[in-house]
Amino acid sequence: LDTDMWWHLRAGEETVVSHSVYRVDDFSSTRSGAEWINHSWLSQVCMAALYRVGTYPALSIWVAICAVISMGLIYAQMEGHPILRGAVLVIAAMVSSVVWSPRPQIMSLVLLALFSWILYAFRKKRKWIYLACVPLILGLWGNLHGGYVLGLIYLGSFLCGEVVDKILLSDAPTGLSWKEIGWVAIVIVLGVLLVLVNPFGLEMWRIPFNTIEVETLQNLINEWSSPDFHQAFQQPFLWMLLGLLGTLGLTGKSLRGYRLVPVIIFAWAALVARRNFGPFAIVCAPALSEGLDALLRSCIQKLL
């Protein structure tokens, strides 16, 4: 159960019935009639449609499909033996499952995993078609959930990581060229503009700042508070973070900037608010798999 589910379901029903995006709060006793920037309107419509077709089982199946897709996109980026990758995926699923619920934010996890895979594929194959999809996805994301900010943060941290690699590891053969880095920057700018293609226009950019300013979120809502590692279900996050640090220390292998910078930023976000466990797992799992694979190969070589 997730209490927010009811609000999103009803808002989606209002949008479907009225044939216009629900944007005025008619339900809250203290805020009735207030304007509402409904950043998740499209996800709410999808939830309402699913509920009409199959009630709660349909919503459960939707969450399950989103979870499987996000984990599958992570698995596609991992290196090493399938058993090793599977083990890392299980840990990533345990971390992410904290935020698997019938709410629009589940779409942000899928799209963040998709962004991670797109940039991974672009680095590997150097095909521009991958980058061309990014602004369009951001435009869709801006109508599905306010978590589009996660996508922009990931893109920005990926770009910063590539710049760091270019400056510090100029001889690295697999890094992006300055021209390719420039194209990534252009894609980010286009994505920023396409986010504004929504029923609320520029108002959509108020969402991240308005959310941060609400002190009640951090003080009274558990998912916005820092993790409590006395609770067992929150400890897999620690396993993942410490596991990555341990493998890097044991192998002595440096983590490339395009992996390192996103991991640092999303680890910080997860330590500030546990609702960011899922995004952290998405960006950390490929790096952890890479580190464990290097450690395993090193151990095998020493034994032989």
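All residue numbers refer to positions in the sequence shown, counting from 1. Computed from a predicted structure; not experimentally measured.
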Identify which one of R259, R123, R256 satisfies the salt bridge (Lys or Arg N to Asp or Glu O under 4.0 Å) criterion when paired with D165. R256
Might you work through the side chain to side chain contact (heavy atoms under 4.5 Å, CB included) test for N276 and F280, ending with a clear yes or no? CA-CA 6 Å; N276 294 315; F280 167 77; 5.9 Å; no
If Ile, Leu, Val, Met, Phe, Trp and Tyr residues are connected whenever their side-chain heavy atoms lie under 4.5 Å apart, and connections chain through other members, are I129 and L190 in the same group? yes
Nearest heavy-atom approach of R126 to G175 is NH2-O, 2.8 Å
As a test of understanding, state which of F158, Y154, Y130, W141 forms a ring pair (Phe, Tyr, Trp, His ring centres under 6.0 Å) with F115. W141
Do the side chains of L238 and F277 join up, straight or via other hydrophobic residues, at under 4.5 Å, putting them in one cluster? yes
In terms of hydrophobic clusters joined by side-chain contacts under 4.5 Å, are L202 and V21 together? yes
Where does the angle between the aromatic ring planes of F122 and W128 fall among parallel (under 30°), tilted (30 to 60°) and perpendicular (over 60°)? tilted
Side chain S96, main chain A93, donor-acceptor under 3.5 Å: no
Run the side-chain hydrogen bond (donor to acceptor under 3.5 Å, both in side chains) check on N222 and S225 step by step: do they pass? CA-CA 5 Å; N222 289 334; S225 61; 4.8 Å; no
Are W268 and L271 in one and the same hydrophobic cluster, where Ile, Leu, Val, Met, Phe, Trp and Tyr link if side-chain heavy atoms are under 4.5 Å apart? no
Polar contact flag, side-chain donor to acceptor under 3.5 angstrom, Q234-D228: no
Can you check whether Y75 reaches M71 side chain to side chain, under 4.5 Å on heavy atoms? no
Within the distance-only criterion (no hydrogens, no angle test), does the side chain of S157 pair as donor or acceptor with the backbone N or O of I153 below 3.5 angstrom? yes
Do you know which of L144, N198, T15 makes side-chain contact (heavy atoms from CB on, under 4.5 Å) with L42? L144
Strictly distance-based, threshold 3.5 Å: is any side-chain N or O of S298 a donor or acceptor partner for the main-chain N or O of A294? no
Check for a donor-acceptor pair, side chain of E180 on one end and backbone N or O of S177 on the other, with a separation under 3.5 Å. yes
Criterion side chain to side chain contact (heavy atoms under 4.5 Å, CB included) on V163 and W178, from CA distance to verdict: CA-CA 8 Å; V163 171; W178 283 114; 4.3 Å; yes
Side chain S97, main chain M94, donor-acceptor under 3.5 Å: yes
Determine whether the side chains of H145 and S108 contain a donor N or O and an acceptor N or O closer than 3.5 Å. yes
Ignoring hydrogens and geometry, is there a side-chain-to-backbone donor-acceptor pair from S18 to E14 under 3.5 Å? yes
Any idea which heavy atoms bring L288 and G243 closest together, and the distance? CD1-C, 3.7 Å
Is it true that a side-chain atom of Q235 and a backbone atom of F229 form a donor plus acceptor pair closer than 3.5 Å? yes
Apart from Y22 itself, what residues make up its hydrophobic cluster, given side-chain heavy atom links below 4.5 Å? W7, F27, W36
Do R23's NZ or CZ and the ring of F200 fall within the cation-pi criteria of under 6.0 Å and 45°? yes
Strictly distance-based, threshold 3.5 Å: is any side-chain N or O of S289 a donor or acceptor partner for the main-chain N or O of A285? no
Please indicate whether I83 has more than 12 foreign heavy atoms, meaning atoms of other residues, nucleotides or ligands, lying under 6.0 Å from its CD1. no
Yes or no on side chain to side chain contact (heavy atoms under 4.5 Å, CB included) for Q105 and V99, after CA distance, side-chain angles and deciding distance? CA-CA 8 Å; Q105 72 179 46; V99 291; 3.5 Å; yes
